[in-house]
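Below: one structure, written as structure tokens.
Just so you know, these numbers use all the heavy atoms, side chains as well, and skip hydrogens, waters and symmetry mates. What you see is a predicted model, and the numbers here were worked out from it, not measured in a lab. Per chain, numbering begins at 1; letters A, B, ... match sequence-line order.
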2 protein chains.
Amino acid sequence: MTTKAELTSQYILEIVAPIFNKNGYAATSLSDVTNATGLTKGAIYGNFKNKEDLAIAAFKFTVKNMMKRITDHLSNSNSPIEKLYLITDFYRNYYDYSKELGGCPILNIGVDANNQNTLLLQKVKEVIERIQDQVATLIEDGIEAGEISSEINALYFAKRLDTMIQGAIFMTYTMEDDFYIQDTMDLIDNMIKKELKI
Amino acid sequence: MTTKAELTSQYILEIVAPIFNKNGYAATSLSDVTNATGLTKGAIYGNFKNKEDLAIAAFKFTVKNMMKRITDHLSNSNSPIEKLYLITDFYRNYYDYSKELGGCPILNIGVDANNQNTLLLQKVKEVIERIQDQVATLIEDGIEAGEISSEINALYFAKRLDTMIQGAIFMTYTMEDDFYIQDTMDLIDNMIKKELKI
DNA sequence: CTAAAAATATACCAATTGGTATATTTTTAG
DNA sequence: CTAAAAATATACCAATTGGTATATTTTTAG
């Protein structure tokens, strides 16, 4: 059964995750947390060990939300190569969607945690690796299905894709201009068409 | 002439710029500043209006350093297209070099200032625009010199280049793996070769 | 409905935050 | 060498920081 505390924990994360994502670890204070949730420190510290523990849970919460959204979107096709196109299609709406999350958690927390918070940075690394592995697997599935040329290195391609996407997200947010994401997705679509085709 | 205060200001910036760059605005405290410099608050506040003013000066200091380094490197050739290759060549050593600066100032402060510090974010935007304009001008020079195809849109290409580079820097720092920068520079070199050629 | 357990609120803590007014020291121009 | 000006150090400020011990309230199982 769902205890009261579990509900509260979920509620806290819902409210607090975008705040940590937007502001970063150091710039989010516990009074930000109590003000936003309407709860007291007693409730917060009853559910989370400390600020770092809360920040990590918040990051995981946001990533889970995001991953579910991608996975749902990719379920629109069974073809590996079509799924690749669905990835770029997903990111074409990412600026709007990620604003709800308080920005891209990987970019924000990746940069924020660097030199600041080892545990948090470790979590970001793990998420990036997981994403790259999933994309690489998708490409390998495509090779196996005869949709994608067996010439290409799946993991390398996945890393390139990821790198370009993160660059586009950074530029779009910093310049407040969706051009960067749209243009990068065009570029990636072209790469898929030209480099992956059988 | 150089007054005492000007020397002190420069000294403070030299010491403090990498700290702000590494930690970000909120996570850098004035005691970090006084401890690192060995000066007191009196000296700091005598030379800078407040913490924000210092952070902006620190960002400009780091960018100036970086820009000089790039400009120096590009002076190794007079050919516009060769200069483009010198840009990727510069970034191949960027992981090592930028560590001295406390990381890439554009990436770090761009992400850090977002949702946090309007003035600082504005400075980042200006620097990005300046860089893109310079690269675009370089490409236009190449077109005029008959080295580069007149088909391509100089500013679009400059933006793509910048976006890919920033993505590579983010990934290399977050994953602590220079692969991303090297691979992206290979990719860009290829783009220059294939897309820009006459 | 009740007693125990769980969850939350309250009241406190020392340390630190950015910043300022003023005293002291150092530099500068003559 | 000296007086004025500039630069820096000192001593202070209220507000906030993350965190804890304990009191109170709410939930839960029987």
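With rounding to whole Å, A:Leu7 atom CG is found 14 Å from C:dT8 atom C1'. Residue A:Gln10 contributes atom CD, which lies 14 Å from atom P of C:dA7 at whole-angstrom precision. Straight-line distance from the OH atom of B:Tyr11 to the P atom of D:dT8: 11 Å, rounded to whole Å.
An OP1 or OP2 oxygen of C:dT8 is reached within less than 4.0 angstrom by a side-chain nitrogen or oxygen of A:Thr8. For A:Asn47 and C:dT8, the shortest distance from a side-chain N or O to OP1 or OP2 is below 4.0 Å.
The side-chain hydrogen bond (donor to acceptor under 3.5 Å, both in side chains) test applied to A:Arg92 returns A:Gln182, A:Asp186, A:Asp189, not counting sequence neighbours. Looking at residues two or more places apart in sequence or on another chain, you find no salt bridge (charged side-chain N to carboxylate O under 4.0 Å, His left out) involving B:Glu140. In this view, B:Thr40 and B:Ala43 satisfy the side chain to side chain contact (heavy atoms under 4.5 Å, CB included) rule, not counting sequence neighbours. In this view, A:Phe59 satisfies the ring pair (Phe, Tyr, Trp, His ring centres under 6.0 Å) rule with no residue, not counting sequence neighbours. For B:Glu176, the side-chain hydrogen bond (donor to acceptor under 3.5 Å, both in side chains) partners are A:Lys125, not counting sequence neighbours. The side-chain hydrogen bond (donor to acceptor under 3.5 Å, both in side chains) test applied to B:Asp72 returns B:Lys68, not counting sequence neighbours.
Under the 3.5 Å distance criterion, with hydrogens and angles disregarded, no donor-acceptor pair is assigned to the side chains of A:Tyr11 and A:Asn47.
Judged as a side chain to side chain donor-acceptor pair (under 3.5 Å), the pairs with a partner in residues 163-173 of chain A (not counting sequence neighbours) are, in order, A:Ser98-A:Tyr173.
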Give me, pair by pair, the N or O atoms of the protein and of nucleotides 18-21 of chain D that are less than 3.5 Å apart, along with how far apart they are.
from   : atom 1 : to      : atom 2 : distance (Å)
D:dG18 : OP1    : A:Thr28 : O      : 3.4
D:dG18 : OP1    : A:Lys51 : NZ     : 2.9
D:dG18 : OP2    : A:Leu30 : N      : 2.6
D:dG18 : N7     : A:Lys41 : NZ     : 3.0
D:dG18 : O6     : A:Lys41 : NZ     : 3.4
D:dG19 : OP2    : A:Tyr45 : OH     : 2.6
D:dG19 : OP2    : A:Lys51 : N      : 3.0
D:dG19 : O5'    : A:Tyr45 : OH     : 3.4
D:dG19 : N7     : A:Lys41 : NZ     : 2.9
D:dG19 : O6     : A:Lys41 : NZ     : 2.7

Which dot-bracket string fits DNA chain C when only Watson-Crick or G-U wobble pairs with both atom distances under 3.5 Å count, crossing pairs get [ ], and | stands for a partner on a different strand?
||||||||||||||||||||||||||||||

